[in-house]
**Q** 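One structure, pasted below without further comment.
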Amino acid sequence: AQKVTQAQTEISVVEKEDVTLDCVYETRDTTYYLFWYKQPPSGELVFLIRRNSFDEQNEISGRYSWNFQKSTSSFNFTITASQVVDSAVYFCALSGYNFNKFYFGSGTKLNVKP
Amino acid sequence: DVKVTQSSRYLVKRTGEKVFLECVQDMDHENMFWYRQDPGLGLRLIYFSYDVKMKEKGDIPEGYSVSREKKERFSLILESASTNQTSMYLCASSSFRGLATDTQYFGPGTRLTVL
């Protein structure tokens, strides 16, 4: 069965703190894709990153970094030096090779206070 | 620029009304999806379509139907709206073409209130 678990329902940090959002997934597919989306208060889900199951290289984009570990079935997302604009709900998702079915975690609400 | 549009951002309907939510994508994507989002429940898949006139039930299809007569358009229909269908409805589309930009793209959402 395919499943994505985001155990952290809500996290609150003070601006400039680092924060890590956890994502654990389950799949029997050998080829799969993992995603992170951001949903700001406006409501629209914004795509952040996609990783392939055969590429475990970690990625950094500015203050954002992602740690993909197949051994623990995790795809964690770290925001360094958080800012108020990072306040949003973040979703982790899993898809098979042809992108016709996506499995979403329940989301983590991040509150960054000034 | 990738675009998924939904016919309304906010909609208020009465119990028993037939409701149409329209979604259009301009990316020539094969796959289209309808989700509903409720506090604490994340995104739940209602229906998806992988081709014109093709549809598959998602996790919560009861009380909904869909129509895909053209590749770019995917409609969600509430045959007889009920108050428990008050929710945020999100449309999305995707395609896998071996490109780095392949992902699922979302529309802005329709917040439906059924009175």
Side-chain angles (χ1 to χ4, degrees), chain A residues 1-10 21-25 29 31-55 57 59 61 66 75 88-111, chain B residues 1-6 8-10 23 25 27 29-51 54-60 68 74 87-112:
Chain A
Q2 318 273 38
K3 187 180 178 182
V4 176
T5 302
Q6 293 179 256
Q8 303 151 309
T9 305
E10 189 164 351
L21 310 182
D22 298 331
C23 173
V24 174
Y25 64 92
D29 293 344
T31 299
Y32 54 90
Y33 295 84
L34 296 163
F35 306 80
W36 276 97
Y37 288 85
K38 174 182 180 180
Q39 187 179 39
S42 61
E44 186 166 347
L45 270 80
V46 177
F47 165 67
L48 295 178
I49 190 171
R50 181 194 93 189
R51 299 303 288 169
N52 310 325
S53 55
F54 43 86
D55 180 5
Q57 188 173 6
E59 183 151 341
S61 176
W66 290 270
F75 185 44
V89 180
Y90 291 86
F91 289 94
C92 181
L94 165 73
S95 178
Y97 71 95
N98 57 1
F99 285 22
N100 67 353
K101 196 87 185 282
F102 285 73
Y103 301 86
F104 283 83
S106 53
T108 297
K109 184 176 183 181
L110 176 64
N111 302 305
Chain B
D1 198 19
V2 165
K3 203 157 188 183
V4 180
T5 57
Q6 295 183 229
S8 307
R9 285 302 302 269
Y10 299 94
C23 175
Q25 51 97 2
M27 298 161 285
H29 282 172
E30 290 76 31
N31 307 315
M32 295 189 74
F33 309 80
W34 275 106
Y35 296 90
R36 65 176 281 177
Q37 183 180 15
D38 302 288
L41 297 178
L43 275 72
R44 293 182 293 169
L45 181 65
I46 304 171
Y47 268 97
F48 69 100
S49 169
Y50 51 88
D51 201 350
M54 305 301 288
K55 60 185 178 185
E56 293 266 352
K57 292 180 180 179
D59 302 316
I60 52 163
R68 192 159 180 210
F74 193 35
S87 186
M88 169 72 94
Y89 290 87
L90 294 165
C91 176
S93 72
S94 74
S95 187
F96 186 74
R97 297 168 182 163
L99 303 174
T101 52
D102 290 340
T103 187
Q104 187 176 59
Y105 292 94
F106 283 84
T110 296
R111 189 166 292 282
L112 172 67

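Lettering of chains follows the sequences in order, A, B, ..., and the numbering in each one begins at 1. If you're wondering where the values come from, they're calculated on a predicted model, not measured in any experiment.
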**Q** I need the residue from B:Gln37, B:Arg111, B:Met88, B:Glu30 with the largest number of non-hydrogen atom pairs under 4.5 Å to chain A.
**A** B:Gln37

**Q** Out of curiosity, B:Arg9 CZ to B:Thr110 OG1, how far, rounded to the nearest 0.5 Å?
**A** 8.0 Å

**Q** Contact part of A:Lys101 toward chain B, heavy-atom cut-off under 4.5 Å: side chain, backbone, both or neither?
**A** both

**Q** With sequence neighbours excluded, what pairs up with A:Asp29 under the salt bridge (Lys or Arg N to Asp or Glu O under 4.0 Å) test?
**A** none

**Q** Is A:Gln39 in contact with chain B via its backbone, its side chain, both, or neither, using a 4.5 Å heavy-atom distance?
**A** side chain

**Q** Does the A:Thr108 side chain pair with the main chain of A:Tyr90, one donor and one acceptor, at a distance under 3.5 Å?
**A** no

**Q** Is it the backbone or the side chain of A:Thr9 that comes under 4.5 Å from a heavy atom of chain B, or both, or neither?
**A** neither

**Q** Which bit of B:Ser49 is near chain A, if near means a heavy-atom gap under 4.5 Å: side chain, backbone, both or neither?
**A** neither

**Q** Looking at A:Phe54, I'd like to know if its CZ atom is crowded, meaning that more than 12 non-hydrogen atoms belonging to other residues, nucleotides or ligands lie closer than 6.0 Å.
**A** yes

**Q** Can you label the angle between the A:Phe102 ring and the B:Phe33 ring as parallel, tilted or perpendicular, going by 30° and 60°?
**A** perpendicular

**Q** So for A:Tyr33, is it side chain, backbone, both, or neither that comes closer than 4.5 Å to the heavy atoms of chain B?
**A** side chain

**Q** Using non-hydrogen atoms and a 4.5 Å limit, figure out which bit of B:Arg44 sits close to chain A: side chain, backbone, both or neither.
**A** neither

**Q** Considering residues at least two apart in sequence or located in another chain, which fulfil the ring-ring contact (aromatic ring centres under 6.0 Å, His included) criterion with B:Phe106?
**A** A:Tyr37, A:Phe104, B:Tyr35

